[in-house]
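All figures in this text were calculated on a predicted structure; none of them were measured in a lab. When a residue number appears, it is its place in the shown sequence, counting from 1.
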Amino acid sequence: MNWTEGLSTGSPSLYNGGNISLNGSAGFQLPISPAMDNAINVLLIIILLVSMVSLGCTMEISKIKAHVLKPKGMAIALVAQFGIMPLTAFCLAKMVQLGPMEAVTVLICGCCPGGNLSNIFALALDGDMNLSIVMTTFSTLMALGMMPLLLFLYCQGFPNLESAVPYTGITIGLIMILVPCGIGIAINHHRPNYSLFIIKVGLSISLISSVAVAIMSGITVGGTVWVILSPQLIAVGALMPLIGYTLGYLMSTIFRVNHQCRRTIAMETGCQNIQLCATILKVAFRPQVIGPLFLFPLIYIVFQGGEAILFILLFRCYQIFKPPAEEKPASGDVDGKLMEVKEP
């Protein structure tokens, strides 16, 4: 599949209506009505806003301040989220020789901040929840500047992609996650008794909206779903989170943090904010440009979740079958006293 033919230096911007070519001449035509397109856009925005308010309700200002004063966790978050994942996305896109729009899609996914799903996985792995939440928070805040910068830098490695990325739309999408996240933090700070209720309601709304988006997207893309089911994109979707988990754990080992933090950093590195990625791809690009590629985050989240669950199962099995730690006597004095009691 070659998306590069028909793109030249003098061609119009992809975002401003330029056509991506599947066969070198005709533009990509997605059988979608404006009403259906708008409905999917609205639902994706609702999912993103609700998810970020719920995420904000899990954050505590006091814990954030504590980690700000000891910024080791933030430094790890910056290196993990905006060092490992974008570079992984770039290398994989080059390795499997993705076309322009496919490469942009993968790069946007790789440059996204950490997602709230990582907090659930870290909890299941007995990770450091304070570090997990701070890493998610910090990567979300830093994304406003880092994500456009990284996309600009990495797009230089692909021909004719300099004008393909809608930086305005991406910036708007990032603001859309910071504002509701701030609202959630404020609610948790001033009305903490409401936080648990908001998290539960938010999860229900997100699940219902996600099902609706999946159904409408299935109806919309129809027979063009083969685009995201290509072997190249399947391979990228499978390898990206796996490499993220692995390199995140190795990096934390280099930082010499404890095993609890290593598991947390691994999950935070491999998990991306899929809601943000899908919203940016669908809202920032025109349907004729993005086509069914806005569904790529669904492939990523399947492998992201499946691989994380596999690691969780392996960790649980290790906990069950690991040999018990040998108990050491507290001190020599205690042993002496016990011997004295036993003597007749």
Side-chain angles (χ1 to χ4, degrees), residues 1 3-4 14 77-115 117-118 135-136 139-140 142-162 164-167 169-170 173-174 227-251 265-282 284-285 290 293-308:
M1 179 173 54
W3 293 58
T4 60
L14 295 177
L78 184 64
V79 175
Q81 199 64 55
F82 299 116
I84 292 175
M85 294 309 293
L87 181 59
T88 299
F90 176 81
C91 291
L92 288 175
K94 280 289 187 181
M95 187 185 304
V96 301
Q97 299 180 341
L98 294 180
M101 270 312 300
E102 293 168 320
V104 169
T105 300
V106 170
L107 284 173
I108 288 176
C109 185
C111 293
C112 278
L117 196 60
S118 62
M135 286 185 69
T136 302
S139 67
T140 300
M142 290 296 294
L144 188 59
M146 293 299 296
M147 192 173 176
L149 174 62
L150 289 169
L151 285 171
F152 174 77
L153 293 176
Y154 281 111
C155 280
Q156 306 304 312
F158 294 89
N160 306 316
L161 282 194
E162 293 84 355
V165 181
Y167 295 102
I170 289 174
L174 292 170
V227 174
I228 61 166
L229 294 179
S230 66
Q232 295 95 329
L233 285 178
I234 293 291
V236 171
L239 290 173
M240 268 182 69
L242 181 61
I243 293 173
Y245 294 142
T246 304
L247 293 183
Y249 192 88
L250 292 176
M251 183 194 68
I265 294 169
M267 290 299 105
E268 287 293 331
T269 304
C271 288
Q272 301 297 89
N273 192 327
I274 296 303
Q275 299 96 325
L276 173 63
C277 181
T279 303
I280 287 176
L281 291 173
K282 188 67 184 71
F285 291 95
I290 192 64
L293 286 173
F294 76 92
L295 295 176
F296 172 75
L298 296 180
I299 294 177
Y300 188 92
I301 198 172
V302 168
F303 286 104
Q304 171 182 278
E307 291 164 5

For C111 and F82: C-alpha separation, side-chain torsions, deciding distance, then whether side chain to side chain contact (heavy atoms under 4.5 Å, CB included) applies. CA-CA 6 Å; C111 293; F82 299 116; 5.8 Å; no
For the pair Q156 (side chain) and F152 (backbone), establish whether a donor and an acceptor sit closer than 3.5 Å, ignoring hydrogens and angles. yes
Reported [atom1]-to-[atom2] distance for the pair [X] and [Y], which is rounded to 0.5 angstrom:
X    : Y    : atom1 : atom2 : result
C112 : L150 : SG    : CG    : 11.0 Å
I84  : T88  : CD1   : OG1   : 7.0 Å
L107 : E102 : CG    : CD    : 12.0 Å
Q232 : M95  : CD    : CE    : 13.0 Å
I299 : I274 : CD1   : CD1   : 11.0 Å
I280 : L151 : CD1   : CG    : 8.0 Å

Under the ring-ring contact (aromatic ring centres under 6.0 Å, His included) test, residues paired with Y154 that sit two or more places apart: F90
Nearest non-hydrogen partners of [X] and [Y], listed with the distance:
X    : Y    : value
G248 : T269 : CA-OG1, 3.6 Å
L298 : I301 : O-CG2, 3.2 Å
I108 : M147 : O-CE, 3.6 Å
A89  : G110 : CB-CA, 4.0 Å
P113 : S139 : CB-O, 3.4 Å
L98  : A103 : CB-N, 4.1 Å

Listed partners of T279 passing side chain to side chain donor-acceptor pair (under 3.5 Å), at least two apart: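 Checked T279 against side chain to side chain donor-acceptor pair (under 3.5 Å); zero matches.
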Only counting residues at least two apart or in another chain, list the ones meeting side chain to side chain donor-acceptor pair (under 3.5 Å) with Q272. Q81
Given L233 and L293, is the side chain to side chain contact (heavy atoms under 4.5 Å, CB included) satisfied, shown in steps? CA-CA 10 Å; L233 285 178; L293 286 173; 3.7 Å; yes
Could you tell me whether the side chain of T105 reaches within less than 4.5 Å of the side chain of L281, counting heavy atoms only?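 In short, these two side chains touch, coming nearer than 4.5 Å.
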Min side-chain heavy-atom separation I234-F303 under 4.5 Å: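 When only atoms from C-beta onward are counted, F303 and I234 do touch, with a gap below 4.5 Å.
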Side-chain donor-acceptor distances from residues 235-247 under 3.5 Å, at least two apart:
residue	atom	partner	partner atom	Å
Y245	OH	Q304	O	2.8
T246	OG1	L242	O	2.9

Does Y249 form a side chain to side chain contact (heavy atoms under 4.5 Å, CB included) with I265? I'd like the steps, not just the answer. CA-CA 6 Å; Y249 192 88; I265 294 169; over 6 Å; no
Quick one: ring-ring contact (aromatic ring centres under 6.0 Å, His included) pairs with a partner in residues 92-113, sequence neighbours left out?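 Pairs touching residues 92-113 that pass the test: none.
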